[in-house]
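Quick notes on the structure that follows.
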Amino acid sequence: MNSTLRQQPTNPPNYTLWRKSWQHLKQDKLGLFGMLVLLIYFTIAVGVWLGIWGTSWSSISNQFNHPPSWQHWFGTNAIGQDVAVRSIYATKVAFEVGTVVTICATLLGVLLGALAGFFQHKWQDAIILWLMGVLDSIPFYLFVAAIAYAMQAHIFAMHIAMVAVFWTNIARIIRAEVISLKQADFVEAARAMGLSQLRILIHHIIPNTNHLIIIQATLVFVAAIKTEVILSFLGLGVKSGISWGLMIAESTNDFQAGYFNNFLAASILLFILVIGFNFFSDALQDALDPKTQTLS
């Protein structure tokens, strides 16, 4: 009998949800390519944070508007700054903005969306829906630019502007999922055990929306980076340092002289990052889709 027990597997035969998702993701070549792109960009950003490279982005030389070479991969700008080094430093800025905005917008969206869904048709739901309706009725970039302009003296004006806009879509998706989950058997069992509503919401319902939270967070991350580029181009974004948006803004003066170094470097790096993130987000959404898990 003991030998029989030893031969029985200690783990369930089926993979867990996350392991299944990883197995599914590994089969998506475009998704893996997108993940590789993100890892490369993340490594670049970490290197700047650690001071390994990109620290001399503001250094000026007498090599004005030089073409690309082995010494200056993207050439130099009008005051002799290395465009490649500036692009590398801007990668760190992009990841900082994306990370801060994603964390804040996701937390706010999950909290308000979960409250609205759990207290559906009550005053909490009505207030949150009204707030989302008001914010969504204002044109996206106009609203973000207006907040950034009104708070331009604040160091986090751009971040606050994007968080104020991005949380609404997350909240709508989480609200719909919570409305569905609160009728589930495990929630009814938790109520029968006498658990408080707050405990049920935090410990039983919200953890079951993790797949949606992760997907929405990736979408917000890349959207925040693109919005930062636009705001910086308009002079409402990054104030200190350098970003891809500021590089593109500077390139508007270079075009008349026939120099495209700033524009090409910032645009190419942004394009590759967005494409990589789109591939990864699509693959992640497919991997975390409950329907995919059921079929597999």
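Evaluation of the salt bridge (Lys or Arg N to Asp or Glu O under 4.0 Å) test over residues 104-126, restricted to residues two or more places apart or in two chains, returns Asp125-Arg175. Residues in residues 29-49 take part in these side chain to side chain donor-acceptor pair (under 3.5 Å) pairs, two or more places apart or across chains: Trp49-Glu96. Residue pairs that meet the salt bridge (Lys or Arg N to Asp or Glu O under 4.0 Å) test with at least one member in residues 190-207, sequence neighbours left out, are Glu188-Arg191.
Asp282 is not listed as a side-chain neighbour of Leu30, based on a closest heavy-atom distance of 4.5 Å or more. At least one side-chain heavy atom of Met132 sits under 4.5 Å from a side-chain heavy atom of Ile128. Side-chain contact between Val48 and Trp53: present, with at least one pair of heavy atoms (C-beta onward) separated by less than 4.5 Å. Asn77 has its side chain out of reach of Met247: every pair of non-hydrogen atoms, C-beta onward, lies at least 4.5 Å apart. The side-chain heavy atoms of Val37 and Phe280, taken from C-beta on, include no pair separated by under 4.5 Å. Side-chain atoms of Leu181 and Ile206, non-hydrogen and from C-beta on, never get closer than 4.5 Å to each other. In this structure the side chain of Gln81 never reaches within 4.5 angstrom of the side chain of Ile242, judged on heavy atoms. When side chains are defined from C-beta on, Lys182 does not count as touching Ile200, because their heavy atoms never get closer than 4.5 Å.
Side-chain N or O atoms of Thr168 include one that pairs as donor or acceptor with a backbone N or O of Val165 at under 3.5 Å.
Hydrophobic clustering (ILVMFWY, side-chain heavy atoms < 4.5 Å, transitive): Ile138 and Ile160 are in one cluster. Taken together through direct or relayed side-chain contacts under 4.5 Å among Ile, Leu, Val, Met, Phe, Trp and Tyr, Phe119 and Trp123 form parts of separate hydrophobic clusters. Note on Ile103 and Ile202: separate hydrophobic clusters, where clusters join Ile, Leu, Val, Met, Phe, Trp and Tyr whose side-chain heavy atoms are under 4.5 Å apart, directly or indirectly.
Other residues sharing a hydrophobic cluster with Leu142 under the 4.5 Å side-chain heavy-atom criterion for ILVMFWY residues do not exist; the residue is a singleton.
Under a cut-off of 6.0 angstrom, the local environment of CZ in Phe42 is sparse, with at most 12 non-hydrogen atoms contributed by other residues, nucleotides or ligands.
Taking each heavy atom of Gln216 and Asn169 in turn, the nearest pair found is OE1-ND2, 3.3 Å. Here the closest heavy-atom approach between residue Leu231 and residue Ala145 is recorded as CD2-CA, 4.1 Å. Contact between Val238 and Ser232 at its shortest, heavy atoms only, is N-OG, 3.1 Å.
Taking Phe74 as the reference, nothing meets the ring-ring contact (aromatic ring centres under 6.0 Å, His included) condition, with sequence neighbours excluded. When the ring-ring contact (aromatic ring centres under 6.0 Å, His included) test is applied to Phe33, no partner is found at least two apart in sequence or on another chain.
Screening Phe140, Trp130, Trp167 against Leu135 for a side chain to side chain contact (heavy atoms under 4.5 Å, CB included) leaves a single residue, Trp167. Screening Thr227, Leu236, Ile230 against Val144 for a side chain to side chain contact (heavy atoms under 4.5 Å, CB included) leaves a single residue, Thr227.
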